[in-house]
2 protein chains.
Amino acid sequence: MHYTRDNMAGLLRSHDINPTHQRIEIAHALFSRQEHLSADQVMAIVNTRHSETSKATVYNTLKLFLEKGLVREVIVDPSKVFFDPNTGPHHHLYEVDTGKLSDIDAAHVQISGLPPLPPGMVTEGIDLIVRVRRKA
Amino acid sequence: MHYTRDNMAGLLRSHDINPTHQRIEIAHALFSRQEHLSADQVMAIVNTRHSETSKATVYNTLKLFLEKGLVREVIVDPSKVFFDPNTGPHHHLYEVDTGKLSDIDAAHVQISGLPPLPPGMVTEGIDLIVRVRRKA
DNA sequence: CACCAATCTGGACTTTGTCTAATTTCCGGA
DNA sequence: TCCGGAAATTAGACAAAGTCCAGATTGGTG
């Protein structure tokens with residue numbers, strides 16, 4: 001599957017998002033790379049040639065994608081949030097010294113023995129982050 | 001066990017930290033409450049009566065405590081880092097709408113099926129965060 | 001007491017992200 | 001086609017968390 005801009009329009013529509021120019025560019029940045037990007041990185045990519053998309057739009061759009069379930073938010077680094085185009089069940093491997101973030105397929109990972117939730121609460125999500133470092 | 005300021009001095013020494021006035025106050029704030037506090041909250045607590053400790057010192061001290069293994073860093077909220085006086089094995093329950101953070105004892109939680117680490121890497125830690133929300 | 005190293009401080013600065021008021025774009029109907 | 005309004009975008013001011021630095025304080029040792 002190629003992540004062309006045209007396909008992006010369809011993807012956005014299927015998530016109930018009005019596919020504008022800027023939104024298509026931002027979706028394309030995320031999905032064509034299949035990588036975890038910060039808002040900063042998205043802005044840099046989208047504005048490589050000529051400055052086309054404002055900071056406010058990048059933030060608004062990423063938040064919109066989040067609400068519509070098109071991307072997931074990954075919080076591993078206190079200084080910036082990453083956006084993850086992979087919304088399937090998976091965990092994360094974070095290389096502390098380089099800042100590199102990669103996926104761990106959840107298919108074979110089992111988490112058991114969690115205590116019951118406090119009453120009246122529902123699970124929003126379970127984040128499992130394995131922090132690693134290059135051996136000394 | 002009471003977390004008196006005198007006991008704090010001993011705790012700091014046992015972690016190879018020179019127990020200064022400010023460090024004792026900061027340790028006391030964290031350990032007497034046994035709660036997750038942000039840098040901001042620590043500063044507010046320490047400076048309730050008269051302003052005694054500068055922002056720089058609060059941040060430096062918390063970073064020092066972190067390096068010396070006296071506290072743990074919990075990254076759940078993109079806007080601020082929490083510091084956790086509990087360094088035993090445990091996970092976290094985060095109430096998304098209220099920002100309340102609590103511990104989950106790791107004793108009965110089992111995580112299995114994680115893939116092998118990339119070669120040359122060592123695990124720094126595994127963070128498991130259960131995000132919950134009040135039922136609609 | 002004097003000295004030196006460690007520590008602390010105020011404040012300027014940086015970075016990430018939010019907000020707002022004004023403009024631009026898009027689309028349906030006359 | 002032209003118009004009007006809603007949706008989207010924009011620049012830039014602003015806010016909050018955290019870093020950095022140069023100078024002042026502190027504390028222990030000879």
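Proteins come first, then strands; the chains are lettered A, B, ... in the order of their sequence lines, and each starts at number 1.
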Checklist line | Whole-Å distance separating the CD1 atom of B:I26 from the C1' atom of C:dC8 | finding: 11 Å

Margin query: Please report the distance, rounded to the nearest Å, between CD1 in B:I17 and C1' in C:dC8.
Written below: 16 Å

Next item on the list: At under 4.0 Å between heavy atoms, which parts of nucleotides 4-13 of chain D does protein reach? Answer with one letter per nucleotide, 5' to 3': B base, S sugar-phosphate only, - none.
Entry: ----SSBB-B

Next item on the list: Spell out, yes or no, whether A:V42 and A:F82 are grouped together once hydrophobic residues are joined by side-chain heavy atoms under 4.5 Å, including indirect joins.
Entry: no

Notebook entry, point to check: Atom CD of B:Q41 and atom C1' of D:dA16: how far apart are they, to the nearest Å?
Noted result: 14 Å

Table please: side-chain donor-acceptor pairs of residues 114-123 of chain B below 3.5 Å, with sequence neighbours left out.
none

Next item on the list: Check whether any side-chain nitrogen or oxygen of A:Y59 sits under 4.0 Å from OP1 or OP2 of C:dT18, and answer yes or no.
Entry: no

Check: Should B:I24 and B:F31 be counted in the same cluster of Ile, Leu, Val, Met, Phe, Trp and Tyr side chains packed under 4.5 Å apart?
Finding: yes

Notebook entry, point to check: Expressed in angstrom and rounded to an integer, what is the separation of A:M43 atom CE from C:dT15 atom P?
Noted result: 12 Å

Next item on the list: Kindly indicate, with the supporting measurements, whether the criterion side-chain contact (heavy atoms from CB on, under 4.5 Å) is fulfilled by B:I26 and B:V46.
Entry: CA-CA 7 Å; B:I26 291 172; B:V46 167; 4.0 Å; yes

Note to self: In the structure I gave you, are the side-chain heavy atoms of B:T61 and B:I17 within less than 4.5 Å of one another anywhere?
What the structure shows: no

Next item on the list: Could you give me the CA-CA distance, side-chain angles and deciding distance for B:H15 and B:F65, then say whether side-chain contact (heavy atoms from CB on, under 4.5 Å) is met?
Entry: CA-CA 9 Å; B:H15 282 259; B:F65 285 3; over 6 Å; no

Check: According to the ring-ring contact (aromatic ring centres under 6.0 Å, His included) rule, which pairs have a member within residues 85-135 of chain A, sequence neighbours left out?
Finding: A:H36-A:H92, A:H90-A:H92

Note to self: Please report the distance, rounded to the nearest Å, between NZ in B:K63 and C1' in C:dA6.
What the structure shows: 17 Å

Notebook entry, point to check: Does a donor on one side chain sit under 3.5 Å from an acceptor on the other, for A:D77 and A:S79?
Noted result: yes

Check: Just how far, in rounded Å, is C1' of C:dA6 from CG of B:L12?
Finding: 15 Å

Next item on the list: Mind running side-chain contact (heavy atoms from CB on, under 4.5 Å) on A:L70 and A:L12 for me, showing each step along the way?
Entry: CA-CA 8 Å; A:L70 196 62; A:L12 294 179; 3.5 Å; yes

Item checked: Contact residues, residues 79-86 of chain A to DNA chain C [heavy atom, < 4.0 Å] -> A:S79, A:K80, A:V81

Note to self: Once salt bridge (Lys or Arg N to Asp or Glu O under 4.0 Å) is applied, do any residues pair with B:K63, and if so which ones, sequence neighbours excluded?
What the structure shows: none

What pairs of nitrogen or oxygen atoms, one from the protein and one from nucleotides 25-30 of chain D, lie under 3.5 Å apart?
none

Next item on the list: Send over the distance from B:K68 NZ to C:dT7 P, rounded to a whole Å.
Entry: 9 Å

Check: So, the side chain of A:R131 versus the backbone of A:V76: is there a donor-acceptor pair under 3.5 Å, distance only?
Finding: yes

Next item on the list: Nearest whole angstrom, please: distance from the C1' of D:dA16 to the CG of B:D77.
Entry: 12 Å

